[in-house]
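Note that the coordinates shown come from a computational prediction; the quantities given were computed from them, not determined experimentally.
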Amino acid sequence: MTARPVARSLRARLLLFVGATLVVVCAAMTFTTAVVQRASLMGELDGRVGNAAERSLGGAALHRDDKADLSFLTENGHPVGMIAARLDDHGRVLSAAIVSQDAPPRNLTAPQRTALKGIAPNGSKHTVTVPGLGTYRVAGLDSDGISVLAGLPMDDVQHMIDGLVEVEAAVAATGLAAAGTVCAVVVRRQLRPLGRVAATAVEVSRSPLGRGEVTGLTRVPARDTDPTSEVGQVGAALNRLIDHVESSLAERRHSEERMRRFLADASHELRTPLASIAGYAELMNRGTARIEPVLAWRRVSAESARMTGLVEDLLLLARLDEGRPLPSAEVDLAAVVAEALWDARAAGSGHDWQLALSLAAPALVLGDEARLHQVVANLLANARTHTPAGTTVVAEVEATAERCVIRVRDDGPGVPAELLPRVFERFTRADTSRARVPGADGGSGLGLAIVESIVSAHGGRSHVESAPGRTEFTIELPPAGVASVERTTAVASR
């Protein structure tokens, strides 16, 4: 079983990465400086070695006959620690000595001379280790049969290079410590806004979003939502997400409240006819003396029809909510509105029913003719039910190349202002605020909700404007050509 890697925080990873980068950079700088400085010092030493070899060659030329003579080392100007040697024609060391401080030159021992063997007198520089003396930089020269070697110690150069490396290492270590401290402070300060954003996200995640009313969720402070920085973009996005969560929860609560109200209203609407049917059935069971059978059966039939209509309306709304596709064919809105208007005139002869057509193009739409007829019939029934006798109701059809519009307006008392925003909601009724036709039954409050659902299913829009003396319901639908293009585009995009 493999061990799981230890997770490190972003701050730790940044510091580790920055620290490693600084260490590599400082090491590279120290190494490069040491190499360059050593090359410079070695070049200077090689120059001095070459000068010492030339001077030794000149001193040996004064004693050409004595092949082992090193008396030129007694002259002033030779550096302490310098070694010199005379070579024969075959490159063997004949004699070798070292310059001493305040003393005559001292001859090298046999092992020390052996270390100088094999160096050609061609002026090239060599590094050799002389036993008992240390490391030397040596060069050999030859002129007119005279061959000499000269060398200078490298200890000073090596000590200088070692000291330089030590100083640079100390400076680099101090710089790394200072840079690490500064980076730690800067990284901590720069990541502090990210920490606040993370703390806000943790606090929101602990909120009981699944139950109860959730309001006033914590937001990221405005200073941490600057869009010019990455942390600010994250903070702003988190605030938008929290806003979306709150609005979604509010919408869910609103939907739940509407569902509870819908179920309560539906239960009440169904209970009323059921109670009537049960009551009349009970009276008939007790005997025909209590109630006339024909009247009882008429009331039972009426309440049964009322309940059947309510159930059918609820089923229609449920099907539309599920998004079930409606039959689609070309429908002439002008003919549909005209037929619905004739039906409304027959049902409500006390109103003044008028038809207005404004057709710049054929009023053709793609849809379900029966449902569109139901939309117009519900609007006309709404106007008939909630306006007094003598009210003028105008059904207008307007058609252009871009849209088809149905308007139903009346000059009745209007929709109360407090009811207007929810007039298309289910079980919304205005029985107490609008005049009713004498003897007419009140509706269930589903007519306008059905209108909006059917219109939405056809890709249209519905709205209402109302004021005392003028109420206008507007239905806007895409014409057949536009609707066909929209449906083709929608299918192609899937």
Side-chain angles (χ1 to χ4, degrees), residues 258 261-270 272-273 302-303 305-321 326 333 336-337 339-348 350-351 353 367-388 391 393-396 406-410 412-416 418-437 439-458 460-466 471-477:
R258 286 190 301 177
R261 188 170 63 248
F262 172 78
L263 292 176
D265 290 341
S267 299
H268 176 75
E269 291 292 334
L270 290 172
T272 301
E303 295 298 335
R306 177 184 174 186
M307 185 171 61
T308 301
L310 178 60
V311 171
E312 289 177 351
D313 288 345
L314 291 174
L315 288 175
L316 174 60
L317 288 173
R319 293 191 186 98
L320 294 174
D321 289 342
L326 295 173
L333 287 184
V336 169
V337 172
E339 292 176 2
L341 191 68
W342 279 106
D343 295 340
R345 180 179 289 116
H351 288 67
W353 304 96
D368 185 346
E369 182 175 0
R371 296 306 176 197
L372 292 175
H373 185 279
Q374 185 177 4
V375 166
V376 181
N378 284 4
L379 292 176
L380 295 175
N382 181 73
R384 182 184 72 248
T385 303
H386 298 292
T387 57
T391 300
V393 181
V394 179
E396 178 183 0
I406 300 174
R407 297 186 180 91
V408 176
R409 60 178 176 270
D410 62 70
V415 180
E418 67 275 7
L419 188 67
L420 200 59
R422 53 189 182 88
V423 71
F424 288 106
E425 293 184 6
R426 298 168 188 185
F427 295 108
T428 299
R429 293 182 294 268
D431 297 347
T432 59
S433 59
R434 304 189 79 182
R436 307 292 297 275
V437 177
D441 293 332
S444 63
L446 295 177
L448 295 181
I450 293 175
V451 168
E452 185 182 42
S453 296
I454 294 176
V455 171
S456 297
H458 283 80
R461 296 180 299 172
S462 56
H463 66 277
V464 59
E465 297 177 355
S466 182
T471 298
E472 181 174 274
F473 287 86
T474 303
I475 304 300
E476 184 174 344
L477 296 169

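Not counting sequence neighbours, Glu452 has no partner by the side chain to side chain donor-acceptor pair (under 3.5 Å) test. Legend: residues meeting side chain to side chain donor-acceptor pair (under 3.5 Å) with Gln374, ordered by chain and number and at least two apart, are Arg371. Residues that satisfy the salt bridge (charged side-chain N to carboxylate O under 4.0 Å, His left out) test with Glu476, not counting sequence neighbours, are Arg403, Arg461. Qualifying salt bridge (charged side-chain N to carboxylate O under 4.0 Å, His left out) partners for Arg345, counting only residues two or more places apart in sequence or in other chains: none. Qualifying salt bridge (charged side-chain N to carboxylate O under 4.0 Å, His left out) partners for Glu396, counting only residues two or more places apart in sequence or in other chains: Arg407, Arg409. When the side chain to side chain contact (heavy atoms under 4.5 Å, CB included) test is applied to Ala377, the partners found at least two apart in sequence or on another chain are His373. Partners of Ala344 according to the side chain to side chain contact (heavy atoms under 4.5 Å, CB included) rule, which considers only residues two or more places apart in sequence or in another chain, are Trp353, Leu380. For the side chain to side chain donor-acceptor pair (under 3.5 Å) test, no residue two or more places apart in sequence or in another chain qualifies with Glu465.
Exactly one residue among Val451, Val376, Val408 makes a side-chain contact (heavy atoms from CB on, under 4.5 Å) with Ile475. That residue is Val451.
The two residues Ser466 and Leu420 come nearest to each other via the heavy atoms CB-CD1, 3.9 Å. Of all heavy-atom pairs spanning Gly414 and Thr471, the tightest one is CA-OG1, 3.2 Å. When all heavy atoms of Asn378 and Gly447 are compared, the pair lying nearest together is ND2-O, 3.2 Å. Listed here is the closest heavy atom pair of Ile454 and His458: O-ND1, 2.8 Å. Across all their heavy atoms, Gly412 and Thr387 have their closest contact at CA-CG2, 4.1 Å.
Side-chain atoms of Leu372 and Leu477, non-hydrogen and from C-beta on, do get closer than 4.5 Å to each other.
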Report the C-alpha distance between Leu379 and Leu448 in whole Å, list the side-chain angles of each, state the deciding distance to 0.1 Å, and finish with yes or no for side chain to side chain contact (heavy atoms under 4.5 Å, CB included).
CA-CA 7 Å; Leu379 292 176; Leu448 295 181; 3.8 Å; yes
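A donor-acceptor distance shorter than 3.5 angstrom exists from the side chain of Thr391 to the backbone of Pro388, with no hydrogens or angles considered.
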